[in-house]
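Encoded as structure tokens, the structure appears first; notes follow it.
Values below: all heavy atoms of this structure, side chains included; hydrogens, waters and symmetry mates excluded.
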Amino acid sequence: MRTEFYVIGAILIVGLVVLAALPKSTPVPTSQTDSLKKFASYDELKSFIQTNSETQSYDGYAMGGAMRETALMTTAAPMADKSSAASANDYSTTNIQVAGVDEADIVKNDGKYIYAVSGNAVIIVDAYPAENAKIISQINLSSVSNIFINGDRLIVFGNEYKDYAYPMAAEKIAATSIAADIMMPRPYYNTQSSFIRIYDVSDRANPVLVRNVTASGSYFDSRMIGDYVYAMTNEYVYNGDVIPLPYVMENGIALREFPDIYYFPIPDSSYNYVNIVAVNVQTDETATKTFMMPSSQITYVSQNNIYLTYQKWSSYADFYDRIIDEVLIPTLPQFKQKIDEIRNYNISAASKFSEIQAPLQNYVAGLTQDQRNILEKSAQEKMTVIQQDIERERQKTYISKIAVSGSQIDYKGQGYVAGNLLNQFSMDEHNGYFRVATTVGEVWNGNSNNNVYVLDSELKQTGKLEDLAPGEKIYSARFMGDRLYLVTFKKVDPLFVIDLSNPIDPKVLGKLKIPGYSDYLHPYDETHIIGIGKEAVEASEEEAGQRNLNFAWYQGIKLSLFDVSDVENPKEISKFNIGDRGTDSEALYEHKAFLFDKNKGIVVIPISLREINKETNPNPGPTTYGDQTFEGAYVLSLDLANGFKLKGRITHLNNTEIAKMGDYWYASGSQIRRSLYIGDTLYTLSNKMIKANSLTDLAEISTVALPFEQYNGPYYAL
């Protein structure tokens, strides 16, 4: 639905009719730290949930559903291997956002060994030197997700699911007149928990489990700072006779009988536990706190703070009074007395607007068409003035700040900004300020715009920059010190250079418009930025007219190198295009799949290549997809003098798989997902193998088969 407001007949009330059907808003806390409370007991928690929540229950028992898949948790800065085996001093680490704050991934290395998730196992590979690479141990677990290595500690994370039948109360059994020993179907719930298993790998060939921590809920993010893992889980709060409690257990024993659960004392449509667990992986220390709030979504973590975010949408009904005062009454002043009278009725807002509609519709019915057109134009002009303000107020992202230091977890406060976040790179903490980039509205509705907000240490707004690139949305953002590099897109790719040195007054310093867009921005140095995204071709006038919208068709992958030394005139000094429409890369949406090293002058990204066959399709258009012709990784050289140059390609496909590619065989086990280097050797990782190639000439050195069991469906069988 477009957000322009039209009138029924020739009057604004159509907007009110449409708005009345939209969902009502959910209240949110206005002041922050002082409104946060802590439950003193289970009975207090149960009473609050049952009194305020509208969550569906069945016969007094909460009805459960499967939680979303969990992938738990972390990764830290690599430490020196304590074994006596020789290791390389030069090796890559996971591509992270904040220095000193490591992120979870499916592969880690320490300059000697590679630790990788392969199906339901974690594999330790003696990888250096590459000529002798081999698997030396394997840990078999179900639902493994992520790992990290910290000296001689390997931390493995995953999920567990359990179903529980609620006990039926004795009086309910008696009321059924059925014998108690007869098995009866009754409501049940299923729970998801996340495990943290810590192994001593001082002997890499014989990992020994030393700790087993279990946290309730569905993992959504984590970080590693020093020796501490900070894991975060979402856990839905079921409303019924039994309210499950969040928990953290060590070797099957709960840390405490009743956990610390903090909450805002306001009604909500439903509730959710956000659990934060701090684990020292070198000792037996564990701490946890739970915050009852909407399900947390995108997270940003600095060395001192965790920022949890969630989105709230207000109803248009919340803005009825403003629409009446600033649009309706100025358009039809003769109805002010009647409207004010109806607004004082002791009835619901929807009923009031129904009452208001009747006399206005009768009035409109008596107008000529010319009079209606004049009235409609006047209402639309007035609505346009306040429309963007209403959209910004409707769409809000709430941000909770939680300080962390070792095992200390302290809630600091909450703030909000207008709009929606793209991902973690839309946020940044710098010199005591928190900066956020958001998009309000929808591109395809034609009402989008983009904003930058600066919040102080208490998450109160100090500065803002609004209405950037109207009609477009944010595709990538990168904060670097006092600068923000922002890419928006609908038709062309504007790269904005924004000055944040004055937190009260952010300013656009310059911008560059080129075809295509960047999904991910990565610093090359202080004055140059790498972008990876898609090339784009502007839609024809006919295509744009059919959709009543100016836009562009995305094509293949595009790598760009931007020179931002002249902030008022950023330039694209090199670009490299890969493939045609349909070409894809995990690096577009997962920054950990992007490998860059300035000293070595390399960029490595996974590529699923699609190319148009000009013989069978001599006149392709911008909407023509290519056929898959390659699956693997592109290795490029990059420097300021020469830009991007292709060094070569690496694939994990065998000859049979390559032959089947033209028949749309999907090599899921052969897709390269990550790359890393140790010394002068490049290692690429897919589900089925680790391959080592020389960084000098990409000559293959060795391969290590992984125990991944690939399922090839009927369309993909070899």
Side-chain angles (χ1 to χ4, degrees), residues 1-28 30 312-396 416 418-419 439-451 464 466-467 470-471 545 547-550:
M1 181 189 71
R2 294 181 66 85
T3 54
E4 290 94 345
F5 292 79
Y6 297 98
V7 280
I8 288 181
I11 163 173
L12 181 68
I13 289 302
V14 69
L16 302 178
V17 173
V18 173
L19 304 181
L22 295 174
K24 299 299 183 289
S25 62
T26 300
V28 293
T30 51
K312 284 285 189 179
W313 284 71
S314 298
S315 167
Y316 277 111
D318 293 341
F319 304 96
Y320 280 169
D321 286 336
R322 183 173 181 184
I323 294 171
I324 288 174
D325 290 333
E326 299 185 33
V327 180
L328 186 56
I329 291 176
T331 303
L332 297 167
Q334 63 270 40
F335 286 92
K336 183 180 186 303
Q337 183 176 350
K338 181 63 176 176
I339 290 172
D340 288 343
E341 177 186 333
I342 294 172
R343 292 167 81 178
N344 289 323
Y345 290 173
N346 187 23
I347 57 177
S348 68
S351 298
K352 290 178 184 179
F353 289 111
S354 295
E355 292 286 333
I356 291 174
Q357 287 180 49
L360 297 181
Q361 288 174 331
N362 291 335
Y363 171 76
V364 169
L367 298 178
T368 66
Q369 187 60 52
D370 287 343
Q371 290 171 326
R372 292 183 183 183
N373 292 340
I374 293 172
L375 191 64
E376 180 178 359
K377 181 179 179 181
S378 175
Q380 289 178 4
E381 288 175 348
K382 292 178 175 62
M383 192 64 216
T384 299
V385 173
I386 66 172
Q387 181 176 330
Q388 283 296 342
D389 284 346
I390 289 177
E391 285 302 312
R392 273 193 288 267
E393 286 298 310
R394 284 189 64 235
Q395 305 172 50
K396 292 180 180 177
Y416 69 87
T439 296
V440 171
E442 295 292 338
V443 170
W444 298 108
N445 287 338
N447 70 321
S448 63
N449 64 81
N450 307 283
N451 315 289
K464 64 180 180 179
E466 296 181 323
D467 299 330
R547 293 165 174 80
N548 194 30
L549 185 70
N550 290 324

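The nearest pair of heavy atoms linking Gln395 to Thr439 is OE1-O, 4.3 Å.
Atom-to-atom distance recorded for Ser351:OG and Ile342:CD1 is 11.5 Å, nearest 0.5 angstrom. A distance of 12.5 Å separates CD1 in Ile374 from OG1 in Thr331, rounded to the nearest 0.5 Å. To the nearest 0.5 Å, the span separating CD on Glu376 from CD on Gln369 amounts to 8.5 Å. The line from CG of Asn451 to CG of Asp467 is 6.5 Å long, rounded to the nearest 0.5 Å. The CG atom of Leu332 lies 6.0 Å from the CG atom of Leu360; values are rounded to the nearest 0.5 Å.
Sparse packing is recorded around CD of Gln337, with 12 or fewer heavy atoms of other residues, nucleotides or ligands lying under 6.0 Å away. Other residues, nucleotides and ligands contribute only 12 or fewer heavy atoms inside 6.0 Å of the CD atom of Glu442.
With hydrogens and angles ignored, the 3.5 Å screen pairs no side-chain donor or acceptor of Arg343 with any backbone N or O of Lys352. Distance alone, capped at 3.5 Å, places no donor-acceptor pair between the Asn450 side chain and the Pro470 backbone. No side-chain donor-acceptor contact under 3.5 Å links Glu326 to the backbone of Lys382.
In this structure the side chain of Ile324 reaches within 4.5 angstrom of the side chain of Ile356, judged on heavy atoms.
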| query | Hey, mind stepping through Val364 and Arg372 against side-chain contact (heavy atoms from CB on, under 4.5 Å) and telling me if it holds? | reply | CA-CA 7 Å; Val364 169; Arg372 292 183 183 183; 3.9 Å; yes
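The list of salt bridge (Lys or Arg N to Asp or Glu O under 4.0 Å) pairs with a residue in residues 327-336, not counting sequence neighbours, reads Lys336-Asp340.
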